[in-house]
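Worksheet: the structure to be examined is printed underneath.
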Protein chains: 2
Amino acid sequence: MNTPSIAHGAGALEPVRPLAHLLWRDSLALMKQFVPFTQRKVRVNEEVYVCGKPFDTLHLISSGLFKIVNLVPDGREQPAGFFFKGDWLGFDGIPTGSHTCSAMALDMGELWSVRYDILLRASVGEPQLMRLVMAAISSQLARHRDVSLSMGTLSADARVADFILHWALSLEERGMRTDEIDLHLSRAEIGSYLGVRSESVSRALSRLKGTGIIQFQESSHRVIRIPSLDGLREFVQRSTEPSR
Amino acid sequence: MNTPSIAHGAGALEPVRPLAHLLWRDSLALMKQFVPFTQRKVRVNEEVYVCGKPFDTLHLISSGLFKIVNLVPDGREQPAGFFFKGDWLGFDGIPTGSHTCSAMALDMGELWSVRYDILLRASVGEPQLMRLVMAAISSQLARHRDVSLSMGTLSADARVADFILHWALSLEERGMRTDEIDLHLSRAEIGSYLGVRSESVSRALSRLKGTGIIQFQESSHRVIRIPSLDGLREFVQRSTEPSR
DNA sequence: CGTAAATTTGATACGTTTCAACCCTCGTGG
DNA sequence: CCACGAGGGTTGAAACGTATCAAATTTACG
């Protein structure tokens, strides 16, 4: 039962080039080198694709900030993920061939779009490409596991802190400034993502401000200053294991 | 900037065979036909792979029931997913090359294991294979989004009901009986997965039993009888949109 | 069979939601 | 230029649901 007639990969395997730690950089580099893509500029609140529409292309974020949103039966929409430079958008359409989420730009940005068919073709000639896309999807899986875990175990304050920490770490990974970050999100959106109400997010942020872990910018309370990333990190870690 | 020198997939594209609705069946069929795999039988509570160990192989569930578990800092472990015949295990190791979860059998079962390298190779000759694996990962992503949504918006009772419903639907998809299902899980494990305490799961199940939506089997309270799947489905839907 | 573990159920404590009032900013139009 | 209204944000008080603690009961297993 365990002897397929086709003998593809049965021979000796030479070692494969490992993927670098910085997935986002590899994605952009490999895409530019090996895949024919179309560029697309997007404005604030512009939709990349819409829930229910047929899926046929993936989008690599070249710059900007994006979210995907679930439509809950009530008609309201709930953010289900946030994405930065080098992240991929559109995987939700793969299983069924139709998108099960919408994707939207949180500020202006640019996408490199490629037909899914074409990407699969291209990856035949460049196996590293497929490893990369697999790694990108799997990373999103891992991130979701983290969020589920934090939603299941942390208090509202800790969830908000953890959310900001992850956001800042994503920016840091990409070489962007982390001492002052613009979330482009309302309290209600943050809460919807974390499974708490907007008032609770507001209270959590106020308490975090009280401890000095974060500060608000004068003009917009959506811009958060983080004096010390390590301070934030320690707060989250303390919240994760209060009982030892 | 958008003219890669390599011309892989630039030509006309013939239509690709669509993946059938039943992913699990395709996975088993394609695997058997095109990939050299090794069989492995597992006993109850046997570990498939362990968190922290290097990753190099994926496992397709040929029979049985499995869970993956996260290790939370406290030392306790938290289930992060449940998997059935035709599902894949091991994706968590792809991004970093090391497993970030452990996988464990909930009862006896069988796995078809394949080195990740070899699978990628095999998919060069059989592109449908790669579409399939991508669809499998993306499905896990979609499932995680569902769970996050339910953890963020539903009451404990509704979460438990939703959990059982999904479990039953997974079994139904695979042609297994759904009128009496054995979860092989303690109340604490269910609660840990859903983000509530074991006592709350117990209460939720008691209340569901009270409404007649489910019943317990005499001998083991881990075996749940579902007189009407539609009844359960309606209950979950009512819980999803209480307002209006 | 006896002991440890799991489950159920109750009473209370705690945290988040809900409802409400108020403030602030910003864009619009008088 | 300022008045005005709308939407987002902050904060308070009460209601609600779940966690926590505890005890009784059942089940699992050597």
Side-chain angles (χ1 to χ4, degrees), chain A residues 44-45 72 74 76-79 106 150-164 182-211 214-224 239 242-244, chain B residues 43-45 72 74 76-79 106-107 150-164 182-211 214-224 239 242-244:
Chain A
V44 183
N45 290 335
V72 291
D74 313 30
R76 293 172 300 108
E77 51 185 33
Q78 178 182 44
L106 286 174
S150 106
M151 280 184 40
T153 59
L154 301 185
S155 69
D157 286 22
R159 282 188 226 183
V160 171
D162 187 58
F163 171 73
I164 295 174
D182 188 345
L183 300 175
H184 293 267
L185 296 171
S186 69
R187 305 299 191 238
E189 283 179 298
I190 297 171
S192 188
Y193 179 65
L194 297 175
V196 296
R197 298 276 121 184
S198 70
E199 294 93 330
S200 294
V201 175
S202 184
R203 285 184 235 270
L205 288 172
S206 293
R207 281 188 285 260
L208 286 173
K209 188 178 69 167
T211 66
I214 65 167
Q215 302 165 342
F216 293 157
Q217 189 192 271
E218 288 310 310
S219 51
S220 167
H221 278 199
R222 297 188 181 184
V223 178
I224 289 171
S239 312
S243 53
R244 194 126 6 276
Chain B
R43 288 184 307 279
V44 184
N45 290 335
V72 291
D74 313 30
R76 293 172 299 109
E77 51 186 33
Q78 178 182 44
L106 286 175
D107 65 354
S150 106
M151 280 183 43
T153 60
L154 300 185
S155 69
D157 286 20
R159 281 188 227 183
V160 171
D162 187 58
F163 171 73
I164 296 174
D182 188 345
L183 299 175
H184 293 266
L185 295 171
S186 69
R187 306 299 191 237
E189 283 179 298
I190 297 171
S192 188
Y193 179 64
L194 297 175
V196 297
R197 297 278 121 179
S198 69
E199 296 93 329
S200 295
V201 175
S202 182
R203 284 184 235 272
L205 289 172
S206 295
R207 280 189 285 260
L208 286 174
K209 189 179 68 169
T211 67
I214 66 167
Q215 302 165 343
F216 293 157
Q217 188 192 273
E218 288 309 311
S219 52
S220 167
H221 277 201
R222 297 189 180 184
V223 178
I224 288 172
S239 311
S243 53
R244 180 165 8 299

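Computation of the quantities below employed the complete heavy-atom set of this structure, encompassing side-chain atoms and omitting hydrogens, waters and symmetry-equivalent molecules. Computed from a predicted model, the values in this text were never measured in an experiment. Below, chains carry the letters A, B, ... as their sequence lines are ordered, and counting in each starts from 1.
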Exercise for the section: Specify the separation, in whole Å, of atom CD of A/Glu189 and atom C1' of D/dG8. Expected result: 11 Å
Practice task
Please work out if B/Ser155 contacts a base, only the sugar-phosphate, or nothing of the nucleic acid, heavy-atom cut-off 4.0 Å.
Solution key: sugar-phosphate
Exercise for the section: Looking only at side-chain atoms of A/Arg203, point me to the closest of C/dT7, C/dT18, C/dT16. Expected result: C/dT18
Exercise for the section: Taking only the side-chain heavy atoms of A/Ala156 (C-beta and beyond), determine which of D/dA22, D/dG9, C/dT16 contains the nearest atom. Expected result: C/dT16
Exercise for the section: Starting from P on D/dC16, measure out to CZ on A/Arg197 and report it in whole angstrom. Expected result: 16 Å
Exercise for the section: Using whole Å, report how far CZ of A/Arg207 lies from C1' of D/dG12. Expected result: 13 Å
Practice task
Describe the nucleic acid contact of A/Ser200 in one word from base, sugar-phosphate, nothing, applying a heavy-atom distance below 4.0 Å.
Solution key: base
Fill in the blank from the handout: From CG of A/Leu205 across to P of D/dT10 the rounded distance in Å is 7 Å
Handout entry: Comparing A/Val201 and B/Ala188 on DNA chain C - which has the more 5′ nearest nucleotide
Key = B/Ala188
Completion exercise
note: A/Leu183, atom CG; D/dG8, atom C1'; distance rounded to Å ~ 15 Å
Exercise for the section: Compare side-chain N and O positions of A/Arg222 against OP1 and OP2 of D/dG9 and report whether any pair is under 4.0 Å apart. Expected result: yes
Handout entry: OP1 or OP2 of D/dT10 under 4.0 Å from side-chain N/O of A/His221
Key = yes
Exercise for the section: Starting at atom CE of B/Met151, determine the distance to atom C1' of D/dT18, rounded to an integer number of angstrom. Expected result: 14 Å
Problem - Length of the line joining B/Glu199:CD and C/dA6:P, which is rounded to integer Å - result: 13 Å
Practice task
Decide yes or no for B/Phe163 and B/Leu185: does some side-chain heavy atom of the first lie under 4.5 Å from some side-chain heavy atom of the second?
Solution key: yes
Exercise for the section: Under 4.0 Å between any heavy atoms, over every strand shown, what does A/Gly195 touch: base, sugar-phosphate, or nothing? Just pick one. Expected result: sugar-phosphate
Handout entry: Length of the CZ-C1' vector between A/Phe216 and C/dC24, whole Å
Key = 14 Å
Problem - B/Ser206 side chain vs B/Ser202 backbone, donor-acceptor pair below 3.5 Å - result: yes
Problem - Closest approach of A/Leu154 to A/Arg159 (non-hydrogen atoms, all atoms of both residues) - result: O-NE, 3.1 Å
Fill in the blank from the handout: Per nearest nucleotide of DNA chain C, the residue lying toward the 5' end, B/Lys209 or A/Ser198, is B/Lys209
Exercise for the section: Identify the heavy atoms of B/Val201 and B/Val196 that sit nearest to each other, and give their distance. Expected result: CG2-CG2, 3.7 Å
Exercise for the section: Just call it for A/Arg159: base, sugar-phosphate, or nothing, with non-hydrogen atoms closer than 4.0 Å on any strand. Expected result: nothing
Exercise for the section: Please determine, for the side chain of B/Arg187, which listed nucleotide (C/dT17, C/dT8, D/dA19) has the closest atom? Expected result: C/dT8
Exercise for the section: Please determine if a side-chain N or O atom of B/Ser206 lies less than 4.0 Å away from the OP1 or OP2 oxygen of C/dT8. Expected result: no
Problem - Nearest heavy atoms of A/Arg222 and A/Arg187, plus distance in Å - result: CA-NH1, 4.3 Å
